Amino acid sequence: MEGCTRLVHVHPSLGVLKRLKLLNLRGCKSLRSLPTKIGMESLETLILSGCSNLARFPEIDGKMEHLKTLDLSDCYKVEYLPENLHQAESLEELDLRKTAIKEPPSFISQLKNLKILSFDGCKGPSKLKGNLLSLFKVSQRGRMNSIAPMLPSLFGLSSLTKLKLRNCNLGEGDISSAISCLSSLTSLDLNGNNFNSIPASLAQLSKLEDLSLSNCGLFNIGEGDIPSDSGLSSLRELDLNGNNFTSIPASLARLSNLQYLGVCNCRELETLPVLLARKTSDWKHNWSYFVAINCYRLAENMSAITLLKRHIKAFANSRKRFDVVIPGNEIPEWFSQQRGGSVIEIPLPLNVQNDSQWFGVAFCCIFGDEDGSEIKVIGGPTYIHSTYSGESSSNGSVFQVKNSQVVDFTFINFGRRPITKDHLFLRYFSREVLNALSLKDKCETNNLSLEMSFQESKWHPSVKVKKCGVRIMYEKDLEEIKELQCRTIQSSPNLEHIHHHSTENDGSAGSTSLVKRKRDIDEETEEEGPHPKRMQNIFNFITGRSGKKQ
């Protein structure tokens, strides 16, 4: 019944369907009531997302012990959940975003199998801050020595892997050390809260892979905010969009598994250390990317080429791909081949596998003028072409054959973020990527070329690409002491005007699928079926077809 916008009431008999496993009423905007009680013993998934006129959630008749997913997001009028919902012991996902529920239900701590909890949309005065003890309970333990500590613990949620607490008026000190009890937590979204710095207690989340602190008012990230020991050692994605800090400490390099850093709309950001550079012995992800949309002060102080070279030099060949998005209005002259449009191709060095002087290929393009009215992406397929000649056995005529393999087919999703001025997108591939493909299919390695085509993805249109550039990178490129003078936005006399003009559009991206995210800017790949968790197993070698894999 998803999307039945004229549905107002549901017949009471629905509540006693004993064999029903899935009930999906998503987007039934006119729905006002459900049966007073529901006792659907076999129900596993209940989706009420977007039922904006639903006044109340029904009482539970029985245990509903098979219920695993309950989605009440955007049910603006629902104020509470029945207490006996705690009997739904199999519940794994509970989504309470943008409801009228003012505090997490007290029974949540009893849901021992809960893996995903989403609670956000609290605007203005809220009871959440004063009732964090409903989540972070405190228990008094006996005196073990002369000190009687209050040992905080998070009862019953040891299975929780994803926690979202957006726009909940949380401030300094509200995220206590009790959060360390969430021993399975891999994703934490605290967007829209009020922190001056990164909460120190987060360092205790050793399994955390995805941390989002966008639009939290962060204005000070000190060296001490990044733990020197094993804290946050698993972090792969760090989203700091829309904050007020002027610099990022070099200690961020301690996050040895970090592969994504987002600082979009950090308009005060001026400097950036070498990040995303370290490689650990258990390194699983050999690509990384950095997105700095509307960071005009950063672009004043650091050119895109400088950023690219610093990071490539730091991580050498430990990363097979590296992406950068930063303000810029011209392709730097450093890119030896340039052309208008959205497709560019370059011959690879002769004897590509044995030439040790070159180590990768860098692509660049200009895009911009996006009003944020729809989700846009940048990226597309990259091909390695091999061309060879043959002679017809019938008449002796000479012909050419061109074989193509897909090197990469990934995108960055910008969500609905306004991009009012031109930006540069840089994508670097290491030599190892191309060698692996050419060796695999025994290509004619003396006649190879690499092509990148910026185009729309399966789900979303592309930003407008105006011009492309490409360059084969050699060792000498990293040995240059003095950077080439690039005609980019960094030297534009109108940069200050651009900076001030762009402050009019400081909104963050709207909700996305990550391409969720889960963040406003996410990696996306062409893939059949529903879109999976953002940025998971994105880089894959695909040969013989323009396949789709994440």
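From a predicted model like this one, the values you see are computed outputs, not experimental measurements.
- With sequence neighbours left out, the side-chain contact (heavy atoms from CB on, under 4.5 Å) criterion links Glu79 to Ala100.
- Ser33 is linked by a side chain to side chain donor-acceptor pair (under 3.5 Å) to His9, counting only residues two or more places apart in sequence or in another chain.
- Between Phe454 and Phe425, the ring planes lie perpendicular to each other; the angle is over 60°, past the 30° to 60° tilted range.
- For Ser201, the side-chain contact (heavy atoms from CB on, under 4.5 Å) partners two or more places apart in sequence, or in a different chain, are Ile175, Ile179, Pro199, Gln204.
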Could you walk me through whether Arg427 and Thr382 pass the side chain to side chain donor-acceptor pair (under 3.5 Å) test, one step at a time?
CA-CA 10 Å; Arg427 174 164 287 177; Thr382 303; 5.1 Å; no
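- Between the side chain of Asp95 and the main chain of Arg97, a donor-acceptor pair closer than 3.5 Å is present.
- Separating the CD atom in Glu237 from the CG atom in Leu208 is a distance of 10.0 Å, to the nearest 0.5 Å.
- Taking the side-chain contact (heavy atoms from CB on, under 4.5 Å) definition, one finds that Lys464 meets it with Glu370, sequence neighbours left out.
- Residues Asp189 and Lys162 are not paired through a salt bridge, judged by the lack of any N-O separation under 4.0 Å between the basic side chain and the carboxylate.
- Residue pairs satisfying the side chain to side chain donor-acceptor pair (under 3.5 Å) criterion with at least one member in residues 10-27, sequence neighbours excluded, are listed as follows: Glu2-Asn24, His11-Ser13.
- Counting heavy atoms from C-beta on, the side chains of Leu261 and Ile248 come closer than 4.5 Å.
- Partners of Lys77 under the salt bridge (charged side-chain N to carboxylate O under 4.0 Å, His left out) rule, at least two apart in sequence or in another chain, do not exist in this structure.
- Considering every non-hydrogen atom in both Asn294 and Pro327, the closest pair reads N-CG, 4.1 Å.
- For the atom pair OG of Ser90 and NZ of Lys63, the computed distance is 10.5 Å after rounding to the nearest 0.5 Å.
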side-chain contact (heavy atoms from CB on, under 4.5 Å), that's the test. Do Leu424 and Val325 meet it? Break it down for me.
CA-CA 6 Å; Leu424 295 176; Val325 179; over 6 Å; no
Under the side-chain contact (heavy atoms from CB on, under 4.5 Å) rule, what do Tyr296 and Lys421 come out as? Steps first, then yes or no, please.
CA-CA 10 Å; Tyr296 295 102; Lys421 296 295 178 180; 3.2 Å; yes
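- For Asn53 (side chain) and Leu31 (main-chain N/O), no donor-acceptor pair under 3.5 Å exists by modelled atom type.
- Put simply, CG on Leu117 and CG on Leu165 are 6.5 Å apart, with the number rounded to the nearest 0.5 Å.
- Between Lys98 and Asp120 there is no salt bridge, since no side-chain N of the basic residue sits under 4.0 Å from a carboxylate O of the acidic one.
- Relative orientation of the His86 and Phe107 rings is tilted, given thresholds of 30° and 60° on the angle between their planes.
- The CD1 atom of Ile198 sits 7.5 Å away from atom CG of Leu252, with the distance rounded to the nearest 0.5 Å.
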Run the side-chain contact (heavy atoms from CB on, under 4.5 Å) test on Ile47 and Leu23 for me, step by step, so that the C-alpha distance in whole Å, both residues' side-chain angles and the decisive distance to 0.1 Å come before the verdict.
CA-CA 6 Å; Ile47 301 175; Leu23 178 57; over 6 Å; no
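- Shortest non-hydrogen contact noted between Asn193 and Asn169 is OD1-N, 3.2 Å.
- Across Ser158 and Ser183, no two heavy atoms sit closer than the pair O-OG, 3.9 Å.
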Given Ser159 and Asn113, is the side chain to side chain donor-acceptor pair (under 3.5 Å) satisfied, shown in steps?
CA-CA 6 Å; Ser159 298; Asn113 291 305; 4.9 Å; no
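- Under the rule for a side chain to side chain donor-acceptor pair (under 3.5 Å), Gln87 has no partner lying at least two apart in sequence or in another chain.
- A side-chain donor from one of Thr410 and Arg321 sits under 3.5 Å from a side-chain acceptor of the other.
- Applying the side chain to side chain donor-acceptor pair (under 3.5 Å) rule to Ser184 yields no partners; only residues at least two apart in sequence or on another chain are considered.
- Considering every non-hydrogen atom in both Ser52 and Lys29, the closest pair reads OG-O, 3.7 Å.
- No side-chain heavy atom of Leu258 sits less than 4.5 Å from a side-chain heavy atom of Ser288.
- Between the side chain of Asn243 and the main chain of Cys266, no donor-acceptor pair closer than 3.5 Å is present.
- Pro35 and Pro58 get closest at one heavy-atom pair: O-CB, 3.0 Å.
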How far apart are the C-alpha atoms of Trp459 and Ile375, what are their side-chain angles, what is the distance that settles it, and do they pass the side-chain contact (heavy atoms from CB on, under 4.5 Å) test?
CA-CA 9 Å; Trp459 299 278; Ile375 296 173; over 6 Å; no
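- Heavy atoms only, all atoms of each residue included: Leu211 and Leu202 are closest at CD1-CD1, 3.9 Å.
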Before you tell me yes or no, could you show the steps for Ser234 and Asn257 under side chain to side chain donor-acceptor pair (under 3.5 Å), namely the whole-Å CA-CA distance, both residues' side-chain angles and the distance that decides it to 0.1 Å?
CA-CA 6 Å; Ser234 300; Asn257 283 304; 5.5 Å; no
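- You'll find the side chain of Pro461 reaches within 4.5 Å of the side chain of Glu374, heavy atoms only.
- Side-chain atoms of Asn241 do not come within 3.5 Å of backbone N or O of Ser214 as any donor-acceptor pair.
- Remark: Ser342 OG to Ile378 CD1 distance equals 10.5 Å, nearest 0.5 Å.
- Looking at heavy atoms from C-beta onward, Ile412 lies out of side-chain contact with Tyr260 at the 4.5 angstrom threshold.
- Side-chain contact check for Arg267 versus Asn244: every heavy-atom pair is 4.5 Å or farther apart.
- Residues Ile293 and His423 form a side-chain contact, since some pair of their non-hydrogen atoms from C-beta on lies under 4.5 Å apart.
- In Glu44, the CD atom is crowded: over 12 heavy atoms of neighbouring residues, nucleotides or ligands sit closer than 6.0 Å.
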I'd like a table of donor-acceptor pairs (distance under 3.5 Å, sequence neighbours excluded) in which one partner is a side-chain atom from residues 65-72, with atom names and distances.
| unit_1 | atom_1 | unit_2 | atom_2 | d |
| --- | --- | --- | --- | --- |
| Asp71 | OD1 | Ser73 | N | 3.0 |
| Asp71 | OD1 | Ser73 | OG | 2.8 |

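- Evaluation of the side chain to side chain donor-acceptor pair (under 3.5 Å) rule for Asp61 yields no partner, not counting sequence neighbours.
- Under the 4.5 Å side-chain criterion, counting only non-hydrogen atoms from C-beta, Glu209 is not in contact with Ser187.
- In this structure, CG in Leu426 is found 15.5 Å from OH in Tyr289, a value given to the nearest 0.5 Å.
- A donor-acceptor pair under 3.5 Å is absent between the side-chain atoms of Asn265 and the main chain of Gly242, judged by distance alone.
- Residues satisfying the side-chain contact (heavy atoms from CB on, under 4.5 Å) criterion with Asn196, sequence neighbours excluded, are Glu172, Phe219.
- With a 4.5 Å cut-off on side-chain heavy atoms, Lys376 and Ser462 do not count as touching.
- The salt bridge (charged side-chain N to carboxylate O under 4.0 Å, His left out) search around Arg56 returns Glu59, not counting sequence neighbours.
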